[in-house]
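All values reported here derive from a predicted model rather than from experimental measurement.
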There are 4 protein chains.
Amino acid sequence: MKAAQQFASDNNAGICPQAWSILAEANQGHASAYGDDWWTKQAIDRIRGLFEADCEVFFVFNGTAGNALALASLCRPYDAVVCHRLAHIETDECSAPAFFSGGTKLLPGDGADGKLTPAIVEEIVGRRNDVHFPRVRVLSLTQATEAGTIYQPDELLELTARARHHGLFVHLDGARLANAVSTLGCSPRELTVDCGVDVLCFGGTKNGMAVGDAVIFFDRRLADGFARRCKQAGQLASKMRFLAAPWIAMLDDGSWLTHARHANDCAARLEARLQTLPGATILFPRQANTLFVGMADHHLQALKERGWRFYIFPEAGGARFMCSWDTDIAMVDRFADDIEAILTGQDGR
Amino acid sequence: MKAAQQFASDNNAGICPQAWSILAEANQGHASAYGDDWWTKQAIDRIRGLFEADCEVFFVFNGTAGNALALASLCRPYDAVVCHRLAHIETDECSAPAFFSGGTKLLPGDGADGKLTPAIVEEIVGRRNDVHFPRVRVLSLTQATEAGTIYQPDELLELTARARHHGLFVHLDGARLANAVSTLGCSPRELTVDCGVDVLCFGGTKNGMAVGDAVIFFDRRLADGFARRCKQAGQLASKMRFLAAPWIAMLDDGSWLTHARHANDCAARLEARLQTLPGATILFPRQANTLFVGMADHHLQALKERGWRFYIFPEAGGARFMCSWDTDIAMVDRFADDIEAILTGQDGR
Amino acid sequence: MKAAQQFASDNNAGICPQAWSILAEANQGHASAYGDDWWTKQAIDRIRGLFEADCEVFFVFNGTAGNALALASLCRPYDAVVCHRLAHIETDECSAPAFFSGGTKLLPGDGADGKLTPAIVEEIVGRRNDVHFPRVRVLSLTQATEAGTIYQPDELLELTARARHHGLFVHLDGARLANAVSTLGCSPRELTVDCGVDVLCFGGTKNGMAVGDAVIFFDRRLADGFARRCKQAGQLASKMRFLAAPWIAMLDDGSWLTHARHANDCAARLEARLQTLPGATILFPRQANTLFVGMADHHLQALKERGWRFYIFPEAGGARFMCSWDTDIAMVDRFADDIEAILTGQDGR
Amino acid sequence: MKAAQQFASDNNAGICPQAWSILAEANQGHASAYGDDWWTKQAIDRIRGLFEADCEVFFVFNGTAGNALALASLCRPYDAVVCHRLAHIETDECSAPAFFSGGTKLLPGDGADGKLTPAIVEEIVGRRNDVHFPRVRVLSLTQATEAGTIYQPDELLELTARARHHGLFVHLDGARLANAVSTLGCSPRELTVDCGVDVLCFGGTKNGMAVGDAVIFFDRRLADGFARRCKQAGQLASKMRFLAAPWIAMLDDGSWLTHARHANDCAARLEARLQTLPGATILFPRQANTLFVGMADHHLQALKERGWRFYIFPEAGGARFMCSWDTDIAMVDRFADDIEAILTGQDGR
């Protein structure tokens with residue numbers, strides 16, 4: 001049953017040892033349900049410590065739910081959210097924001113390298129201001145972006161200043177925030193609350209947990225009613241300790257960051273191999289654990305035929321190769337070898 | 001951190017050894033996300049085998065989501081659901097059915113022992129038939145009921161025949177279906193598809209899993225679009241193998257049933273001790289793992305002061321004592337001892 | 001095509017002369033759409049004058065929309081609304097509040113004469129305070145009530161004080177507010193903003209307009225975004241002048257009140273005839289334009305066979321006879337004659 | 001109060017004489033509410049006659065509601081609708097489709113002249129077929145289009161054949177269907193049911209009524225539950241006769257078509273004047289009552305300063321001049337004179 005390693009997504013990896021170990025520990029005896037337990041309280045404290053902020057923290061089952069619940073709490077049904085056209089909320093959550101909020105419209109912009117710019121935000125916000133079109137209420141950013149790039153803190157600050165100017169809330173999809181922190185070498189606080197983020201969805205699943213992301217309100221007033229919102233949406237785990245405990249272990253020993261660093265390093269290793277190859281084009285600057293590569297269709301096909309798994313993103317113009325917390329460096333090398341063989345015509349078949 | 005055993009809820013128990021063991025096994029290497037993996041396929045097959053039916057099976061994170069998603073797929077926003085006034089969907093899911101469906105109204109009936117009767121269903125269905133009131137579309141039953149009682153197969157058949165007669169779908173909240181199967185000694189199929197159930201929410205969490213229930217459509221046509229519905233609602237797990245694998249282990253070795261039987265037996269043992277005690281009234285026939293007991297407020301208070309945890313249900317008229325897959329028999333006895341001491345005035349304090 | 005007069009509902013009556021006349025006037029030439037016209041501005045001013053308050057005013061197509069939009073703006077999907085079990089929002093709006101708000105639950109109470117009391121509100125608010133059940137957020141009252149009774153100002157004040165104490169907003173369904181104002185002889189302001197009402201749905205249709213009710217926010221901050229909410233819900237009329245103009249005419253000449261008084265008087269006249277009849281029981285104190293009468297089924301049947309139209313309300317225990325702005329007094333007398341003949345056995349047939 | 005004629009929108013015009021006259025007639029005496037009256041039945045019959053089809057017909061308050069209710073009845077929340085990027089449902093209904101359906105996503109395409117093509121539909125439908133993105137379920141077309149152009153019957157047939165091939169329903173926004181019928185000279189049936197339209201929203205307001213559009217289901221099975229859907233959404237008029245009666249008058253004497261023809265003719269007259277002017281560019285083929293004209297900003301500004309009212313559509317690249325059922329030909333000429341004077345520098349001011 002053990003599947004080979006792949007480069008399709010970091011959510012194909014399993015549970016990391018740190019998470020596994022504390023799950024075993026948390027699984028002793030009984031615990032109060034729905035978050036009224038020691039593990040959950042500790043995990044919340046750890047997250048507050050990590051962000052050096054007295055934030056409100058909620059654990060939900062996955063990133064789609066986290067993002068959509070957060071946006072629903074910031075928006076009314078007649079509001080709109082500015083996001084990138086490659087944003088996960090736009091491309092891969094099956095219209096969850098509109099479902100959770102009861103109608104909210106996404107207004108996608110198209111910035112280079114998967115990133116929005118102040119000018120794009122201005123353009124979208126300025127388009128309409130009449131009752132026949134939704135009111136722009138939220139700026140949603142992703143860090144690291146879906147293109148595998150990263151916003152510098154000053155880029156974030158400029159964007160959130162634009163948002164503030166227009167009375168928008170700022171939501172950050174941080175499914176891979178750890179990867180961005182690793183690359184930038186700054187503190188989680190510097191990248192979030194100090195940059196004007198109101199609500200962060202902090203990914204745990206992709207970083208080595210079994211299930212569960214954290215929704216973090218830096219402006220606590222925005223969290224009013226959020227517990228019931230989670231409950232109503234089927235996002236309040238009864239055995240909450242199993243969502244919460246891994247955060248304790250991974251924040252305490254820093255593995256949340258070392259895992260991200262490892263994934264980033266693997267992607268960098270792959271990039272180093274591919275960037276000099278004829279027939280491979282690095283599509284976006286590789287800044288986290290994701291590498292987008294333009295290659296001829298028959299080359300991609302040949303790569304698939306060798307058993308490698310990865311996604312092709314027509315809207316990005318190529319293939320996405322993603323590394324995870326447990327990617328085997330030897331596997332990266334074999335993958336690069338195969339790509340090289342295909343691109344240089346040494347494909348034995 | 002290990003909390004003492006309690007009688008508040010079976011969701012205060014942890015992960016059972018069978019689930020734990022297979023989680024370790026499933027956590028080897030990579031697996032495709034979102035259910036496209038060996039474990040999920042096997043788990044679905046096992047569930048089809050258990051119910052001897054070619055059903056559609058979906059794993060979601062919890063029972064609230066399972067129930068609400070199922071009802072939303074059976075209802076339009078202007079439809080209504082008949083349920084018992086003690087039904088979990090009415091009392092403990094924070095209006096999730098109305099949220100997921102976009103407006104569906106619950107029409108609670110008040111039958112004895114937490115059970116609906118054909119007459120009650122008739123009365124509710126017959127109340128209104130005009131455009132100004134929702135159209136009754138679903139009969140929702142719970143087995144075992146929230147009162148800890150059980151519908152006999154012939155009771156179910158009568159109820160679902162009434163539902164059919166009025167064109168209603170039948171939803172079964174089976175958060176504790178295993179407990180009912182154990183008590184009745186019939187097959188899962190006999191209690192569900194043979195009784196006219198269209199959609200079953202089959203509980204895993206309360207029976208020893210970490211997270212996750214199964215939504216099972218016996219009428220496969222009703223499952224059209226359900227995968228996207230789950231995705232949109234944030235209920236499609238990326239690392240699905242961890243929701244699915246425990247079903248394999250627990251169905252293969254029968255622990256899904258032995259756990260339920262153990263919980264039932266513990267509740268029966270407690271019942272046997274309490275039913276002869278002065279000052280304790282068994283409120284509903286004890287048929288599964290839940291015992292409702294009427295006791296004086298100061299007695300309940302004294303019990304809490306001894307450190308026991310349990311819920312008081314004013315709408316049921318007393319306290320609920322619930323046993324779980326791992327309830328320690330010695331703990332049951334000590335609990336009964338304490339109750340006896342309190343009721344017979346031998347409370348040393 | 002001219003149908004005979006009836007006692008089924010005041011919405012079976014047509015457009016009153018005052019409304020008709022100003023419609024003709026407003027139908028000269030072109031006017032800007034969506035409320036940006038002279039008529040709408042004037043109508044809003046008139047309503048502000050009537051309530052002696054700097055309120056926000058919106059015209060919507062009907063009372064169901066007005067109530068549901070107002071509640072949706074006061075509630076989040078996980079909130080709840082306390083109302084009477086006979087409230088129109090509970091019995092006759094097809095679950096519109098849950099649809100518009102995306103899940104809000106109604107919590108009906110059962111007070112005498114169609115009226116809630118502070119004790120009932122306390123009981124409902126006090127039932128639950130946990131995350132598994134909706135948070136009570138709004139107290140919704142109806143004036144005149146669906147039972148044809150009226151809250152005295154001090155009754156309203158006591159109720160809204162209870163609401164304030166629990167942090168609830170107060171919504172008033174004023175589909176027949178004019179009838180209550182007529183009965184009580186106080187000013188509209190005294191019955192609304194002075195009584196702590198936050199949002200009023202003020203009925204125009206039943207009082208002689210073709211279509212359209214006014215949603216009035218006395219706390220203007222609560223109206224934030226309401227224009228877009230109306231637009232999104234299909235409740236922003238393009239030719240708004242035709243919804244607005246009748247308010248000008250009817251408020252200017254006082255016909256909004258004289259119409260209500262006429263309807264009340266007709267109901268009083270009918271009551272005077274019936275209250276001494278054997279076999280007729282006045283079910284609720286008649287205080288507005290609605291009379292509920294308990295009569296034997298065969299008597300009601302006989303009345304229908306004579307061609308009279310009215311509704312039977314099993315939940316109220318009898319028939320509802322309703323008078324409107326144009327009810328013919330002679331028709332009231334003939335109706336009373338027929339009832340008397342039936343009840344006293346002088347029914348010639 | 002009588003506003004000057006304008007070219008902003010056909011919804012700035014009032015009630016036409018035919019509608020007015022029958023409103024007066026319908027306003028005699030009482031009528032049963034909610035559509036259970038003679039006028040409504042007659043109007044439905046007339047519409048069935050007009051379309052030569054045994055369709056289901058519902059009258060709602062406006063086009064936004066009609067479109068959104070129709071789409072909600074064709075879609076589930078996780079479905080998507082293909083439409084043109086200029087479609088009213090995308091640009092001017094404040095995300096109503098997502099609100100009414102609880103999440104449905106619009107997928108706008110960008111065809112020339114405001115029209116979709118089979119190739120565009122294919123491209124959008126073919127983009128995604130996975131659970132992480134909404135399922136395309138409806139093709140929504142507008143006739144006449146928002147660009148003032150018209151689909152030929154064979155264009156419609158090709159589009160709806162593509163829709164059928166992919167299992168999509170076909171919704172037609174016919175706010176200006178009358179204008180298209182007038183231009184094409186074919187029967188309403190030929191342009192709708194014969195072209196594979198499932199649901200039509202047939203505009204009445206813009207064609208001379210006070211309020212109200214008709215939602216027409218040619219496939220009657222799709223109308224299941226639609227009456228309650230309307231009621232729940234606050235779109236069931238109590239005094240329905242006033243929405244219905246104008247349809248009788250305007251279909252009986254053909255004014256629904258002569259009004260449209262007049263508006264078309266006025267737009268054609270304006271076009272004839274402008275098409276030879278320097279500095280004016282006709283942006284889309286003028287085929288109905290709407291003319292889009294590209295002009296320099298300062299020219300448009302000068303035109304506004306002369307008191308003319310019209311909209312500027314940046315997304316279309318110019319100004320929109322729209323004629324209505326009551327546009328005065330002399331006014332068209334004066335408007336053209338003013339434009340000419342401005343463009344040719346003869347602007348005396």
S.K.: Please classify the contact between Phe61(B) and chain A as side chain, backbone, both or neither, with a heavy-atom cut-off of under 4.5 Å.
M.R.: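 Looking at Phe61(B), backbone and side chain both touch chain A.
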S.K.: Decide yes or no for Lys206(A) and Ser238(B): does some side-chain heavy atom of the first lie under 4.5 Å from some side-chain heavy atom of the second?
M.R.: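 No, too far: nothing below the 4.5 Å cut-off.
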S.K.: Side chain, backbone, both or neither: which part of Ser95(B) has a heavy atom under 4.5 Å from chain A?
M.R.: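 Both backbone and side chain of Ser95(B) come within 4.5 Å of chain A.
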S.K.: Step by step, would you call His30(B) with Asp326(A) a side chain to side chain contact (heavy atoms under 4.5 Å, CB included)?
M.R.: CA-CA 9 Å; His30(B) 287 190; Asp326(A) 70 342; 2.8 Å; yes
S.K.: Restricting to non-hydrogen atoms, name the atom on Asn12(A) and the atom on Ser32(B) that form the minimum distance, rounded to 0.1 Å.
M.R.: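 Taking Asn12(A) first and Ser32(B) second, the nearest heavy atoms are OD1-CA, 3.6 Å.
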S.K.: Taking the side chain as everything from C-beta on, heavy atoms only, tell me whether Lys239(A) gets closer than 4.5 Å to Val211(B).
M.R.: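 Result no, sub-4.5 Å side-chain heavy-atom pair not found.
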S.K.: Can you tell me how far apart CH2 (Trp20(B)) and CH2 (Trp20(A)) are? Round to the nearest 0.5 Å.
M.R.: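 So the CH2 of Trp20(B) and the CH2 of Trp20(A) are separated by 4.0 Å.
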S.K.: For Ala13(A), is it the side chain, the backbone, both or neither that has a heavy atom under 4.5 Å from a heavy atom of chain B?
M.R.: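 Interface part for Ala13(A): both.
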S.K.: Given a strict heavy-atom distance threshold of 4.5 Å, which part of Ala210(B) is in contact with chain A: side chain, backbone, both, or neither?
M.R.: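 For Ala210(B), backbone and side chain are both near chain A.
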S.K.: What part of Met240(B) gets closer than 4.5 Å to chain A, counting heavy atoms only: side chain, backbone, both or neither?
M.R.: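 For Met240(B), neither part sits under 4.5 Å from chain A.
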S.K.: Does any heavy atom of chain B fall under 4.5 Å from the side chain of Thr205(A), the backbone, both, or neither of them?
M.R.: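 Contact with chain B is through both the backbone and side chain of Thr205(A).
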S.K.: Do you know the tightest heavy-atom contact between Asn27(B) and Ile15(A)?
M.R.: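 Scanning both residues completely, I find the closest heavy atoms to be OD1-N, 2.6 Å.
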S.K.: Highest number of heavy-atom pairs under 4.5 Å with chain B: which of Ala26(A), Ala8(A), Ala233(A)?
M.R.: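 Top count of heavy-atom pairs under 4.5 Å with chain B: Ala233(A).
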S.K.: Can you confirm whether or not the ring centre of Phe99(B) sits under 6.0 Å from the ring centre of Phe99(A)?
M.R.: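 When the ring centroids of Phe99(B) and Phe99(A) are compared, they turn out to be within the sub-6.0 Å range.
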S.K.: Which atoms of Ala24(B) come close to chain A, meaning under 4.5 Å heavy atom to heavy atom: side chain ones, backbone ones, both, or neither?
M.R.: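 It is both, since atoms from each part get that close.
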S.K.: Looking only at heavy atoms, what is the nearest atom pair of Gln235(B) and Asn62(A), with distance?
M.R.: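 Between these two residues, the closest heavy atoms are N-ND2, 4.4 Å.
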S.K.: For Asp37(B), is it the side chain, the backbone, both, or neither that has a heavy atom closer than 4.5 Å to a heavy atom of chain A?
M.R.: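 Interface part for Asp37(B): neither.
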S.K.: If you count heavy-atom pairs under 4.5 Å between each of Ala98(B), Gly14(B), Gly66(B) and chain A, which one has the most?
M.R.: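 Of Ala98(B), Gly14(B), Gly66(B), Gly14(B) has the most heavy-atom pairs under 4.5 Å with chain A.
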S.K.: Decide yes or no for Arg229(B) and Cys94(A): does some side-chain heavy atom of the first lie under 4.5 Å from some side-chain heavy atom of the second?
M.R.: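 No; the side chains remain at least 4.5 Å from each other.
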S.K.: Provide the closest heavy-atom pair for Asn11(A) versus Ala33(B) in the form atom of the first, atom of the second, distance.
M.R.: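 Nearest heavy atoms, Asn11(A) then Ala33(B): OD1-CB, 3.1 Å.
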S.K.: Please look at Leu69(B) and chain A and tell me whether the side chain, the backbone, both or neither of the residue comes under 4.5 angstrom of a heavy atom of that chain.
M.R.: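 Nothing of Leu69(B), per the 4.5 Å heavy-atom cut-off to chain A.
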S.K.: Measure distances from Asp92(A) to the heavy atoms of chain B and classify the residue's part below 4.5 Å as side chain, backbone, both or neither.
M.R.: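 Interface part for Asp92(A): backbone (N, CA, C, O).
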S.K.: For each of Gln42(B), Met209(B), Lys231(B), tally heavy-atom pairs with chain A at distances under 4.5 Å, and name the one with the top tally.
M.R.: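 It is Lys231(B).
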